[in-house]
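Everything below concerns the one structure shown next.
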Protein chains: 2
Amino acid sequence: MKQLLLAMLLLAAGTRARAQTTAPLTARLGNVRLTVALAPDGHLTYAVSYGAKPVITPSRLGLAFADGKGFEGPLVLTGSETKDVDDAWQPVWGEVKNIRNHYQQLTVHLRQPAADGRRLDVVFRVFAAGVGFRYEVPSQPGLAYFTVQDETTEFNLPANHKAFWIPGDYDSNEYTYTSSRLSEVNTTPIEPIQQRAAPKRIQTPLMLKSDNGLYINIHEAALVNYPAMTLNVDTETFGLSSQLVPDATGTGAKAYLQAPEHTPWRTIVVADNAPAILSSKLILNLNEPTKLTETGWIQPRKFVGVWWEMHVNKASWNYSDASNLKLASTDWANLKPNGHHGANTANVKRYIDFAARHNIQGVLVEGWNVGWEDWANNWKEEVFDFVTPYPDFDVEELHRYAAGKGVKLIMHHETSSSVTNYERRQDAAYRFMKQHGYDAVKTGYVGRIIPRGEHHDGQWMVNHYNRTAQLTADNRIMVDMHEAVRPTGLHRTYPNWMASEAARGNEFNAWSSGNPPEHETILPFTRLMGGPMDYTPGIFQINLESWNPARNQGRQVHTTLAKQLALYVTMYSPLQMAADLPEAYEQHLDAFRFIEDVAVDWDDTRILAAEPGDYLTTVRKAKGKDEWYLGSITDENARKQALKLNFLTPGQRYEATVYADGPGASWDKNPMAYRITKQVVTSKSALTLQLAPGGGAAVSFKPLKK
Amino acid sequence: MKQLLLAMLLLAAGTRARAQTTAPLTARLGNVRLTVALAPDGHLTYAVSYGAKPVITPSRLGLAFADGKGFEGPLVLTGSETKDVDDAWQPVWGEVKNIRNHYQQLTVHLRQPAADGRRLDVVFRVFAAGVGFRYEVPSQPGLAYFTVQDETTEFNLPANHKAFWIPGDYDSNEYTYTSSRLSEVNTTPIEPIQQRAAPKRIQTPLMLKSDNGLYINIHEAALVNYPAMTLNVDTETFGLSSQLVPDATGTGAKAYLQAPEHTPWRTIVVADNAPAILSSKLILNLNEPTKLTETGWIQPRKFVGVWWEMHVNKASWNYSDASNLKLASTDWANLKPNGHHGANTANVKRYIDFAARHNIQGVLVEGWNVGWEDWANNWKEEVFDFVTPYPDFDVEELHRYAAGKGVKLIMHHETSSSVTNYERRQDAAYRFMKQHGYDAVKTGYVGRIIPRGEHHDGQWMVNHYNRTAQLTADNRIMVDMHEAVRPTGLHRTYPNWMASEAARGNEFNAWSSGNPPEHETILPFTRLMGGPMDYTPGIFQINLESWNPARNQGRQVHTTLAKQLALYVTMYSPLQMAADLPEAYEQHLDAFRFIEDVAVDWDDTRILAAEPGDYLTTVRKAKGKDEWYLGSITDENARKQALKLNFLTPGQRYEATVYADGPGASWDKNPMAYRITKQVVTSKSALTLQLAPGGGAAVSFKPLKK
């Protein structure tokens, strides 16, 4: 009531007063302070500070329409109101059990005087760890359908921060990160993964570090019915400006909208220490609650899969070595098999057996369905039908066999980015899944998008991903999207959207350049800010030559084995793959024990130490248990991590099992040396982990009976 | 065996010999002679003559690829063969019972010396009434996927023919025809229907008339997996060159193909009289036979519909006058009705009653489903869901009611060109239809296409139409497509694809400019060359003011009432609408008797008199009966048509009922005056019809008992 009164007062009096001045509006929570003002030229600006330190210096806001009557020009401030919110919610699964949602909201009402009084609101939410804001076009006479031509949001930075960035490719996030000053951003020397970015266009989440001790992350939340945002960097002024991903028409149009509508939230997470960035729930809080009422079918799990053996050239996705096939006219049953097709019934059973023996709930199978003979890079509409297995993959038998062992098979739908084809077949594909006992699907979007001219990260595809999240939910199917747009916290709204790839995963280590040892220390500060990543950790056979000496010459994973274990904790996902082959794990069942034990859903998470590009130590408490799992990783430098175990329940004794790099271990020279030790600890204990270059350590803490 | 031997000899000997010369290759049938030669510059050319008269002077052929290694440059002729075919087939429905397919085929084998010996065949078929040819890219090493950037087919004409043309709009065929010399082609003054054509780009089917007495029609057959062809006119040399409809990428790409693949047939129908053009089955013959084995469910029919009353502003498609609605979030059940929604249960029952009383088998209902409040021109993805009726349309009750009266309801699916949305929902929409007793659907594609940037007539949409024909066939549903690409004879392959609009239909007469009186005398020579048109004839209330004086001021149909009857014969379609309102027909049940009687499927068709732009008289024999129906129409000029009835069965007496323009009738001044007379005739009788300006006559011939 007090807030309502305040709002009414503001509307009645303050509003009018403010409309005639440019007195800045403010909001604040803790150290974070937001200032919004109409500049003398009529442009709306905002600024953010953290304590006494500027985070965002005055920066313009605006939204340009294709009809030229948008909100990029001078505006009139017609009012504003604030409100305070402090509540909490429980995610279906996640890193913590309870999430506090505490912010002060400032809504600014604007009018475009040059265009029939068109109205726009900008809504800001100030949290203890940053700010989110979005544009809202309210329902109003004379403005129904409109096309966003550009969003002119700026993020002006006060200094030449250190940045962790990847090129602003409209179709891929699968890059290694460059750590440089903003003044040095230049994508030109970087080999494009899919599509060359403009020289100074980079991706979000963008992680920044100031010389005066601030950590800043810029991204977006709740990307719905809108293209993803990339950032243009002014390497002289250190200003960032939004660059939305365009549509297929070549007109520069970005989003086709209908009022009332709003943009995604633009997010600025800020703290004076790196762990606080990782602990922030700002992005999740800015997403809508789920509408699902029954969520018991959503089951976080670990899985193995017929997958890595294709990456290491031991098996193939394709059943035959024929090429230039056509989906509809090929006699798939009578192709000549190439003899090394991975997704054959016997091999899948081997994975099911392994999973059943080792507390792994799922088995992913790629290459089970016809179309892989010439699936990629042909910009071809009809590649897969998602319902026709290769002749050596017995759907019925595997359904029966897996069910008998209590294992769930995970479906794979590679679309080859022929999304129109997938959409035509999605209903039938999900029916097929349910008929055969599948409750989870991994989708893939390799290659150029069809509808031709659309981008992976444009509005049309964003709508596709979100529609797929809804459609799978309608079918009670969990989904893990690869090559999709980078996440923005939508797993709050769609808790069946368990994970995405949308970054450079472990798979790149199977190819020549691989991922540098620092890669996994950066990802949590960038890609994972938006949501879980299916990074596919758990590679034990670091040297890949052994799988296929001729084709894998010189190839290896760029971590130690122990670091692969640590990733199960540092790289959060409720779907977590044990990506290596059963025969690799059979050689190291003592180390595999950590993967068997580690949880995928958590009641609590603590970031014990973190520095982007350098190191990360995370500890998490398993859902509903007094078990803790810790992961600690380093970049190419060896490190000692001295830890206090004061997160443990006081008075409780735990058996700590430490999976550490072995003596002399290093990612490049001696990656597979590890040592497993056990000790009894309490909350008063200390623990020092010795991380090898490119190494890591994993620790399980299990309560001992009193 | 003889042909096989011949082919082998050609391959063994002739092939080699020919490859080293440029001696022209020829084929001929009757008056039509084809000459194919490699020009001195290495370009393949062809020429066509009719008797001694040139039809196509030497014209280049070529196919350019996006990779620059196509077949537009100099080629090497590596061989050729000919074969003769003379067979016949029976269409599922049509204008005649038996169709003779008689042609001489010449296949020319070519090699592209500059591109790794890539191979191309050009296949020509010479019929008694013209030529068809297509490009075939055979299966070959080193050429699997390719993108057609341009087709460089020319049709060089020897003189400045008279042409009947419409602008080469990539998205619409709904134009009135311009009759001009080729030298005068200029689309600039013509108001675009959807998208402005280049000044000299025109559509096919293009009808031409030479000063030396030839009638020539240029079109295409079997448009599959390829964009439609428009024609660029050289107004100085009278050369035509193919201009394919581009895709969405803005790169000029036209078709994404995979070898083996072929283009549609390019067709040149030629004769020394106009009726022979209309009788030609060349285009149908160049299409593939249907794969359907059971076709009993395909039932040609007449229908009435809740449709014209919306065009004449008596009712509305939309249920409410709300606007700016969103499909998913609108409470459709509780919108405020506007009180004049056409598709309400009671009104539909009125149409069902009328149909049941008057031998009309179907009732189309438009505006039955939610979404019409702001459906058009918003380039909006989610407009219709195709399964949610408005609250005043009782699907179950109407199913029961129609079935009880032996009437079939016809479904309407307006997509508003949001084709991605339709494709996602097609399966569910057809399931919904089958559940509720519908066996036919009229689809619509008004507005700009989504996927955005694609055109109605581009490859992606062509594939959509063909896929829809197949998908409806799979569901035993007949389909009538509006605003789709112009037909190319695919109703042979998909006999459930009963009709298309793809031209300027009768509906334009409900709006101000209307269709000129000559319009219906041109359409059979242009649009209908490719297949049946749902022109929606049968408007009796010619003056439209009576329906809504305020909104229809000065509006009228641009024909006489009698001409509307004649159109049931002159404008062939197996789905033929009686488009006016029941209350209009009730005023003229004597004239409506012709619509009740006239057939929609025929054993024979004779063109008794025809001149494009001037007049047309057609008589047809009803399927399986000795009944004949004749239609005769004229342009704005009054005409006397003296007819010999020698098509009638000799010795049989018939009652001829003549539905003629009344005394003093004319399309503009006195359009509704008609006179019905009866007489007894035999095959030896003569009959003279007096056609008013913009008028026509219809005649039924029913056998009398001997």
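Letters go in sequence order (proteins before strands), and every chain restarts at 1. Because only heavy atoms are used, hydrogens play no part in the values below, and waters and symmetry mates are left out as well, while side chains stay in.
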May I have a table of the donor-acceptor pairs connecting chain A and chain B at distances under 3.5 Å?
| residue | atom | partner | partner atom | Å |
| --- | --- | --- | --- | --- |
| A:Y145 | OH | B:D374 | OD2 | 2.5 |
| A:Y145 | OH | B:K380 | NZ | 2.7 |
| A:Q258 | O | B:K326 | NZ | 2.9 |
| A:Q258 | OE1 | B:K380 | NZ | 3.2 |
| A:Q258 | NE2 | B:N324 | OD1 | 2.8 |
| A:Q258 | NE2 | B:L325 | O | 2.7 |
| A:A259 | O | B:N324 | ND2 | 3.0 |
| A:P260 | O | B:K326 | NZ | 2.5 |
| A:N324 | OD1 | B:Q258 | NE2 | 2.8 |
| A:N324 | ND2 | B:A259 | O | 3.0 |
| A:L325 | O | B:Q258 | NE2 | 2.7 |
| A:K326 | NZ | B:Q258 | O | 2.9 |
| A:K326 | NZ | B:P260 | O | 2.5 |
| A:D374 | OD2 | B:Y145 | OH | 2.5 |
| A:K380 | NZ | B:Y145 | OH | 2.7 |
| A:K380 | NZ | B:Q258 | OE1 | 3.2 |
| A:E381 | OE1 | B:W460 | NE1 | 3.1 |
| A:E381 | OE2 | B:W460 | NE1 | 3.3 |
| A:E423 | OE1 | B:R424 | NH1 | 2.5 |
| A:E423 | OE2 | B:R424 | NH1 | 3.4 |
| A:R424 | NH1 | B:E423 | OE1 | 2.5 |
| A:R424 | NH1 | B:E423 | OE2 | 3.4 |
| A:W460 | NE1 | B:E381 | OE1 | 3.2 |
| A:W460 | NE1 | B:E381 | OE2 | 3.3 |

With A:F146, which residues qualify under ring pair (Phe, Tyr, Trp, His ring centres under 6.0 Å), at least two apart? A:F65
In terms of heavy-atom pairs under 4.5 Å, which option from B:P260, B:G250, B:A428, B:G453 contacts chain A the most? B:P260
Considering only heavy atoms, which portion of B:L325 lies under 4.5 Å from any heavy atom of chain A: side chain, backbone, both, or neither? backbone
The interface call for A:I450 against chain B, heavy-atom contacts under 4.5 Å, is side chain
